[in-house]
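Reading through the structure tokens given below for one structure.
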Amino acid sequence: MGRGPTGKWEWHDVVPKEVRNAMTKQEAKRQAVIWELIKTEMVYVKDLETIETLFIRPLRESEIIPRDRLPAFLHDVFHNFAELHGHHRRMLDSLFEIQKEEHPNIRSITAPVFDAALNWRDAYLEYIPHYPIAAFRIDDEMANNPSFKAFIEQCIRHPDSRRLDLKAFINRPIPRLLRYELLLKSILEASPPNHEDQEAIPQVLDVIKDLGKATEPGVQAAKQKVELWRFHADLIFKPGELVDMDLLNENRTLIYTGKLLRQPENNFDITGGWSELFVLLFDNYLVMTKQREKDNEIKYHVNRRPIPLDLLSLLSFSDPPSQRSGGLLRPRTKTVQSIAGDTASLANGEATNDSRFVYPLQIHHNGRSGGVHTFFTENAQARQEWKIKLEEAKGLRSVVQEANKVFEIETLSVDTFLVPSLHHTAAAPSWNEEGMFTGKVTCSVPFTTADGRGLVAIGCAEGVWIGLRHDSKSMRRVLHLKQVTQCAMLEDFGIFLVLADKSLFAYHIEALVPSNPPSPNTSRAPQKLNGNRDVQFFSVGTIGGRTLVIYMKKKGIESVFRVLEPVVERITEKAKVPGGFGRFAAFSSSRSEWFRVFKDFFLPSEAYDLYFLKAKIAICCSKGFEVMDLADFKSVTIPQREDPRLQAWNRRLEACIPLGMFRSSENEFLLCYSEFGMYVDRHGDPSRAVLTVEWEGTAERVACHPPYIMLFDTRFIEIRHIETGRLAQIIPGDEVRCLWDGRGGSAPPILTPGPDGWQEGGAQDARVHAAMRAEEAPGMKGRAGIRAVAQHVFELLPTIPLYLPGSLASPSQSTYFPQSSSPPHSPRLNPQWRG
């Protein structure tokens, strides 16, 4: 019945004439509509089957779409169509059963339709909102994959397609629901007053209408997501300036788009023209673009570096409107108040249709390439709308970031380390007669003593303080040294290292914070590890199972390094009675007897830092990163500036300071400079098409807590994912600086990432300490009335993953910190450890 291309499908073609004539006109209409519903259902089910046979199966059996992308493409385009097919195949079979029993005079088909409508609800609620995404994927693949485009054109010519393209097929379920409404209403109108359909069909219509309404929010959300994806695809960055804004993230939102005007860059408007920007406000970035149309396609050329909302401040949105200049070399704008005859309404910024006037707004970008940006709108309403949307976006960003931050601040001290207020710094010493000011905090290191106490040492301009972690009241000064810049702890040897005023000292930690009972063989006298005051920095690490200390001295333009190795036997031997008198009697007579000289070498360039790799060392120097094997001192400088890909970057590489080198994956490293990062392979060659990741700030230090790196600008801490370079978090502050980057303390060494890269939810212990300026402490004044400013010292603690099993051990709550006399060079501490 009705099969083949020449089959007759209409009701009057399949029902004998005498049967039709025996029916009333109303009943004949009713039977015709019932037949129309069954017939169109047959076509619909056939089309759903054609999706599988004509499109999906050939795609699976070919290389039209690369294998690695095919599963995601099939899911995005066809989604749960097979589920819809199952529901409608079962409904069609039920309709066929009714036809077999009742044709040509069918009493009702409402029951199977009602049953199907109740069962397919969830499937349609999933399929219909997904359609905009499916359509976008098809358009995107057609535009970028010639093989796919040719395949679709071939399918259109196939007889089963009825000259319809793929988008028409995947769109079929959406109008089909509307079709049910029309057909069921027609059946209802043609049904006799007492017919069962008079009661049943309205119930089915309510279910279908409710389904349509229920899909509307999802469709709108999908359309917004597709709009965001289209912007992502159509954004054009300048070469070398690509910013990964994570626009394909499932949670990303496009909050607002609109036009803003900007004055010409020079001081006079030569042409009378203004720059018109199309600005996109996402929930994480503000992006300024210029629209350009080519071949009927609009592209958005990024005009300036996108601004993270974390670094965006709103300044002024209430300044009076300005008048655009109209002539050659006239000043660009004049405020309304300066224009004679302007109305009071304009001066108050009220709406006007006068195109001569523009309404200024100001925002501030707190990044390296930022500053104050002044834009203009064409009316007051547009300016107010931008203000509302920007405030909404910043508020949303703040809430989302607070809930999803990857690191949180855990205070180590907020009221111990004080400096004079800037207003009095020139007139006041860093340490006054009351012992109130500690000077600037410069370094810290956490460690655990032999008796299990979790302590932290904090160095500053006036010495070293040690106390219990997370108990700032326990902090006491244990070393009276000037200009402390670095400290480290060799826990396995019980040795504490301090670099003060360019001299490197070693102390038995037992001499600084004795255990209970105290060790009998502890030498109270420190040892000086270098000669003259010429040490620039030192680094502690392990190579081949050997713990090494390497310090650097400058000699002209050269950097001279000495490698020391601690000797356990000398460190643990019974302390000798120091001989001699005078100023240096406290120091051991034999310099560096706890350490032996392992190696000496030099580098013909200025060095800034030194990192221990798995089997080699990496020296950050003016030439880049010098990777050296200590066994034979053979080295290679990376990146190779002779590489043709780096020719355009040589000037930047020379101008920026190398800060750190970290593994981003099993066979890749991230080289961190003060302004950008560069991914290189194991040979030091650039490993990615986009050579660099530009930082938002100017980094003075960098630290790594896998899978993140932390970049320290004086205004904020910039946290990025080490594998993608993507910005994850901004921690704002004032006078921000890194105190401890994970080296030379109790933190375990960073392991090599596996084949799948770094995994989330790694080490939960803090690996990084930092400090920033706190609020001026009210009431804390010296005798001269100098106001004190506190320095907030804190650790960056990774947020606890929700899936982390088991209970987490809380920080040590031990309060045992015995009173003891300090080393001979330091006076006895009278206050109790617990204040």
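The analysis underlying the following values was restricted to heavy atoms, covering all of them including side chains, and did not include hydrogens, waters or symmetry mates.
- Taking the six-membered ring for Trp and the full ring otherwise, the centers of W649 and F676 sit less than 6.0 Å from each other.
- By the 4.5 Å heavy-atom criterion applied to side chains, F407 and I717 are not counted as neighbours.
- Minimum interatomic distance between Y708 and A728 (heavy atoms only, all atoms of both residues): CE2-CB, 3.9 Å.
- Shown here for L468 and M475, the closest heavy-atom pair between the two residues is O-CE, 4.5 Å.
- Here the two rings, on H769 and F794, have centers that are 6.0 Å apart or farther.
- V302 places none of its side-chain heavy atoms less than 4.5 Å from the side chain of E241.
- For the pair L646/Q640, no side-chain contact is recorded, criterion being any heavy-atom separation below 4.5 Å from C-beta on.
- A donor atom on one side chain and an acceptor atom on the other are not found under 3.5 Å apart for E606 and S622.
- Considering only heavy atoms from C-beta on, H792 stays 4.5 Å or farther from E735 through its side chain.
- Contacts of D629 classified as salt bridge (charged side-chain N to carboxylate O under 4.0 Å, His left out), with partners at least two apart in sequence or in another chain: none.
- Between F633 and F602, the ring center distance fails the sub-6.0 Å criterion.
- Residues forming a salt bridge (charged side-chain N to carboxylate O under 4.0 Å, His left out) with D246 (at least two apart in sequence, or on another chain): R252, R726.
- Residues Y611 and F662 bring their aromatic ring centres within 6.0 Å.
- Among residue pairs with one or both ends in residues 704-714, those qualifying as salt bridge (charged side-chain N to carboxylate O under 4.0 Å, His left out) are D713-R715; sequence neighbours excluded.
- Across S444 and W740, no two heavy atoms sit closer than the pair O-CB, 3.1 Å.
- No option in E694, E696, E718 other than E694 meets the side-chain hydrogen bond (donor to acceptor under 3.5 Å, both in side chains) test with R368.
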